[in-house]
*Asks:* 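If you scroll down you'll find the structure; I have some questions about it.
Predicted model only: the values in this text are computed from it and were never measured.
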Amino acid sequence: MATTVMAAGAAPVVGAAPAYAESRFGCDYPRICFYLTSADWLARKPTSAFRDITQDFQKLGPRARGAYAAYNSRIDDSAWLEMSDGSQTCLAPADTWFFDQVSPPQRVIGVQITDQNECF
């Protein structure tokens with residue numbers, strides 16, 4: 001017969017994962033996820049994801065370049081999105097970005113993940 005001894009006040013640990021480890025919009029922590037089309041976004045199926053903090057922009061491949069949407073699942077890090085016209089936009093932690101179909105065509109072409117939790 002096995003006996004389990006627990007210290008006073010201790011509770012058994014149940015396999016609950018931390019809230020930040022959960023997937024949102026199909027994007028696992030800690031990633032910047034891209035959704036190439038609106039159908040990908042609606043299906044919550046990222047077509048590409050990045051997770052490394054870098055000093056420079058990473059050029060996006062064909063599964064992310066010109067994406068319809070991007071989501072930052074990170075809780076402490078922001079990401080900068082580089083546009084085809086040279087502009088940049090910041091994606092704060094737990095924030096979502098959508099392609100602006102009204103403005104002149106600007107396509108997302110790069111991403112840089114930083115260890116800053118705010119957009120400046």
Side-chain angles (χ1 to χ4, degrees):
M1 173 192 286
T3 304
T4 303
V5 178
M6 295 179 62
V13 176
V14 180
Y20 65 81
E22 294 177 8
S23 173
R24 185 163 186 211
F25 305 120
C27 185
D28 293 333
Y29 172 86
R31 291 173 172 76
I32 309 301
C33 293
F34 291 89
Y35 306 80
L36 198 53
T37 67
S38 61
D40 297 324
W41 169 255
L42 292 173
R44 303 302 196 236
K45 293 187 177 184
T47 54
S48 184
F50 293 78
R51 64 185 292 168
D52 295 332
I53 293 175
T54 60
Q55 296 298 317
D56 299 307
F57 279 94
Q58 300 175 70
K59 295 299 179 192
L60 301 181
R63 297 176 54 83
R65 186 177 35 249
Y68 168 80
Y71 174 69
N72 182 356
S73 72
R74 302 173 80 96
I75 58 172
D76 291 326
D77 306 316
S78 58
W80 286 91
L81 303 178
E82 180 181 29
M83 302 301 167
S84 57
D85 69 352
S87 65
Q88 300 170 359
T89 189
C90 186
L91 188 58
D95 199 8
T96 306
W97 168 87
F98 291 97
F99 172 66
D100 184 358
Q101 298 176 353
V102 178
S103 295
Q106 296 180 35
R107 313 287 283 172
V108 60
I109 61 169
V111 63
Q112 179 186 15
I113 302 171
T114 70
D115 60 359
Q116 299 174 358
N117 63 0
E118 295 181 6
C119 293
F120 297 103

*Asks:* Would you please say whether a donor-acceptor pair under 3.5 Å links the side chains of Thr54 and Asp52?
*Replies:* no
*Asks:* Testing the basics here: between Phe99 and Ala67, what is the closest heavy-atom pair and its distance to 0.1 Å?
*Replies:* CB-O, 3.7 Å
*Asks:* What is the minimum heavy-atom distance between Pro93 and Asn117, and which atoms define it?
*Replies:*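 Taking every non-hydrogen atom into account, CD-O, 3.3 Å.
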*Asks:* How close do Phe57 and Gln88 get, heavy atom to heavy atom, and via which atoms?
*Replies:* CE1-NE2, 3.4 Å
*Asks:* Could you report the tightest heavy-atom contact between Arg44 and Phe25, atom names first, then the distance?
*Replies:*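 So the two residues come closest at NE-CD2, 3.3 Å.
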*Asks:* Can you list everything that forms a salt bridge (charged side-chain N to carboxylate O under 4.0 Å, His left out) with Lys59? Sequence neighbours excluded, please.
*Replies:* Glu82
*Asks:* Enter the distance from Lys45:NZ to Cys33:SG here, rounded to the nearest 0.5 Å.
*Replies:* 14.0 Å
*Asks:* As a test of understanding, state which of Trp97, Tyr68, Phe34, Phe98 forms a ring-ring contact (aromatic ring centres under 6.0 Å, His included) with Trp41.
*Replies:*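 Exactly one candidate clears the test, Phe98.
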*Asks:* Do Arg74 and Ile53 come close enough that some side-chain heavy atom pair is under 4.5 Å?
*Replies:* yes
*Asks:* Just wondering, do Pro46 and Tyr71 contact through their side chains at under 4.5 Å, heavy atoms?
*Replies:*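 With C-beta onward as the side chain, the pair stays apart.
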*Asks:* Pick from Val111, Asn72, Ile113: which one makes a side chain to side chain contact (heavy atoms under 4.5 Å, CB included) with Leu91?
*Replies:* Asn72
*Asks:* Mind checking the CG-CZ spacing from Asp28 to Arg51? Nearest 0.5 Å is all I need.
*Replies:* 9.5 Å
*Asks:* Could you grab the distance from atom CZ of Arg107 to atom CG of Asp85, nearest 0.5 Å is fine?
*Replies:* 12.5 Å
*Asks:* Any sub-3.5 Å donor-acceptor pair from Thr89's side-chain atoms to Leu81's backbone N or O?
*Replies:*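 No, the answer is negative, given that no donor and acceptor are paired below the 3.5 Å cut-off.
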*Asks:* Side-chain heavy atoms under 4.5 angstrom apart, residues restricted to Ile, Leu, Val, Met, Phe, Trp, Tyr: same cluster for Trp80 and Phe50?
*Replies:* no
*Asks:* Name the residue from Arg31, Arg63, Arg65 that meets the side chain to side chain contact (heavy atoms under 4.5 Å, CB included) definition with Ser48.
*Replies:*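 Single side chain to side chain contact (heavy atoms under 4.5 Å, CB included) partner of Ser48 among Arg31, Arg63, Arg65: Arg63.
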